[in-house]
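Here the structure is a predicted model, which is why all the values come from computation and not from measurement.
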Amino acid sequence: PCLTSAVLCGPDNNNLVFENLMVRSDGSYYPCAIKWLPQCGTVNVIGPDIETSGVGLWWEGGMVTVSMPYMERLGVSGLRANPSPADLHASLSIHGGLLTADQSGIPLQCFGAVRNLSLFGVHIQSDLSTYEGFRYAGGSWHNSALYGCRCTLAKWNFQPTVL
């Protein structure tokens with residue numbers, strides 16, 4: 001059984017490219033679809049289909065780019081952003097696609113000092129969720145912004161930078 005993540009990118013991985021990656025199950029529920037640990041290096045994920053997981057994308061570090069993600073049936077969050085303070089160059093950029101979660105979840109969760117997070121033209125779908133974005137106590141938002149994203153700011157517990 002998958003105990004951590006269907007795809008786990010650990011320290012010292014570099015120049016990884018995943019194209020048309022599908023993480024989906026009609027049986028067991030994955031705790032996480034894709035998780036990037038601190039110091040994982042550069043990773044490009046192009047057109048992932050992420051379904052039947054607790055967390056879709058869990059970012060703790062690395063220099064990650066995700067293009068055109070599709071998500072459904074995520075019970076906790078579409079994106080859990082919690083970059084490690086030790087990973088000074090951590091950055092995450094998501095271009096287009098869909099970021100969502102089920103009724104019990106939140107499309108975008110921010111823990112700790114979120115920095116270098118950019119979303120470009122992402123459809124953040126929160127029709128079923130109470131929140132669309134949530135920053136937990138003690139968390140911050142530095143050098144991060146939503147560029148041309150479809151979002152409902154009234155469903156955020158903080159004011160993100162929207163351009």
Next item on the list: State whether the number of non-hydrogen atoms from other residues, nucleotides or ligands found under 6.0 Å of Asp12 atom CG is greater than 12.
Entry: no
Measure the [atom1]-[atom2] distance between [X] and [Y] for me, rounded to the nearest 0.5 Å.
{"X": "His95", "Y": "Leu119", "atom1": "NE2", "atom2": "CG", "answer": "9.0 Å"}
{"X": "Asn143", "Y": "Ser91", "atom1": "CG", "atom2": "OG", "answer": "9.5 Å"}
{"X": "Ile94", "Y": "Met68", "atom1": "CD1", "atom2": "CE", "answer": "12.0 Å"}
{"X": "Leu79", "Y": "Ile50", "atom1": "CG", "atom2": "CD1", "answer": "10.0 Å"}
{"X": "Ser118", "Y": "Leu92", "atom1": "OG", "atom2": "CG", "answer": "8.0 Å"}
{"X": "Thr161", "Y": "Trp141", "atom1": "OG1", "atom2": "CH2", "answer": "7.0 Å"}

Please check if [X] and [Y] belong to a single hydrophobic cluster, counting links between Ile, Leu, Val, Met, Phe, Trp and Tyr side chain heavy atoms closer than 4.5 Å.
{"X": "Leu57", "Y": "Val7", "result": "yes"}
{"X": "Val64", "Y": "Val55", "result": "no"}
{"X": "Phe18", "Y": "Ile34", "result": "yes"}

Note to self: Does Ser77 form a side chain to side chain contact (heavy atoms under 4.5 Å, CB included) with Trp58? I'd like the steps, not just the answer.
What the structure shows: CA-CA 9 Å; Ser77 64; Trp58 190 331; over 6 Å; no
Just so I know, are the side chains of [X] and [Y] near enough to count as touching, which here means a heavy-atom distance under 4.5 Å?
{"X": "Leu21", "Y": "Asp49", "result": "no"}
{"X": "Pro69", "Y": "Leu98", "result": "no"}
{"X": "Cys2", "Y": "Ser28", "result": "no"}
{"X": "Leu153", "Y": "Val162", "result": "yes"}
{"X": "Ser126", "Y": "Pro107", "result": "yes"}

Please give me the minimum heavy-atom distance between [X] and [Y], naming the atom from each residue.
{"X": "Cys151", "Y": "Leu146", "result": "SG-CD1, 4.2 Å"}
{"X": "Leu99", "Y": "Met71", "result": "CD1-CE, 3.7 Å"}
{"X": "Gly121", "Y": "Cys149", "result": "N-SG, 3.8 Å"}
{"X": "Ile124", "Y": "Trp156", "result": "CD1-CZ2, 4.2 Å"}
{"X": "Gly56", "Y": "Ala33", "result": "O-CB, 3.2 Å"}
{"X": "Ser53", "Y": "Val23", "result": "OG-CG1, 4.4 Å"}

Sub-3.5 Å donor-acceptor pair from the side chain of [X] to the main-chain atoms of [Y], do we have one?
{"X": "Ser129", "Y": "Asp102", "value": "yes"}
{"X": "Asp87", "Y": "Gly62", "value": "yes"}
{"X": "Gln39", "Y": "Ala86", "value": "yes"}
{"X": "Thr52", "Y": "Ser25", "value": "yes"}
{"X": "Asn14", "Y": "Thr42", "value": "yes"}
{"X": "Thr152", "Y": "Lys155", "value": "no"}
{"X": "Arg135", "Y": "Cys110", "value": "no"}

Note to self: Give me each pair satisfying ring pair (Phe, Tyr, Trp, His ring centres under 6.0 Å) with a member in residues 24-51, each pair once, sequence neighbours excluded.
What the structure shows: none
Margin query: For Thr65 and Val43: C-alpha separation, side-chain torsions, deciding distance, then whether side chain to side chain contact (heavy atoms under 4.5 Å, CB included) applies.
Written below: CA-CA 6 Å; Thr65 302; Val43 181; over 6 Å; no
Check: Of all residues at least two apart in sequence or in a different chain, which pass the side chain to side chain contact (heavy atoms under 4.5 Å, CB included) check with His89?
Finding: Met63
Next item on the list: Any pair with a residue in residues 51-69 that passes salt bridge (charged side-chain N to carboxylate O under 4.0 Å, His left out), sequence neighbours left out, goes on the list, sorted by first then second residue, please.
Entry: Arg24-Glu51, Lys35-Glu60
Notebook entry, point to check: With a cutoff of under 4.5 Å between side-chain heavy atoms, which Ile, Leu, Val, Met, Phe, Trp and Tyr residues group with Leu163?
Noted result: Phe120, Tyr147
Checklist line | Whichever hydrophobic residues join Ile106 through chains of side-chain contacts under 4.5 Å | finding: Phe111, Tyr131, Phe134, Tyr136
Checklist line | Partner residues of Glu72 under the salt bridge (charged side-chain N to carboxylate O under 4.0 Å, His left out) criterion, sequence neighbours left out | finding: none
Note to self: Between Ser144 and His142, do the side chains contain a donor N or O and an acceptor N or O under 3.5 Å apart?
What the structure shows: no
Checklist line | Of Leu117, Val114, Leu88, the residue whose pairing with Pro83 passes side chain to side chain contact (heavy atoms under 4.5 Å, CB included) | finding: Val114
Next item on the list: Apply side chain to side chain contact (heavy atoms under 4.5 Å, CB included) to Cys9 and Leu16, showing your working.
Entry: CA-CA 9 Å; Cys9 298; Leu16 298 177; 3.9 Å; yes
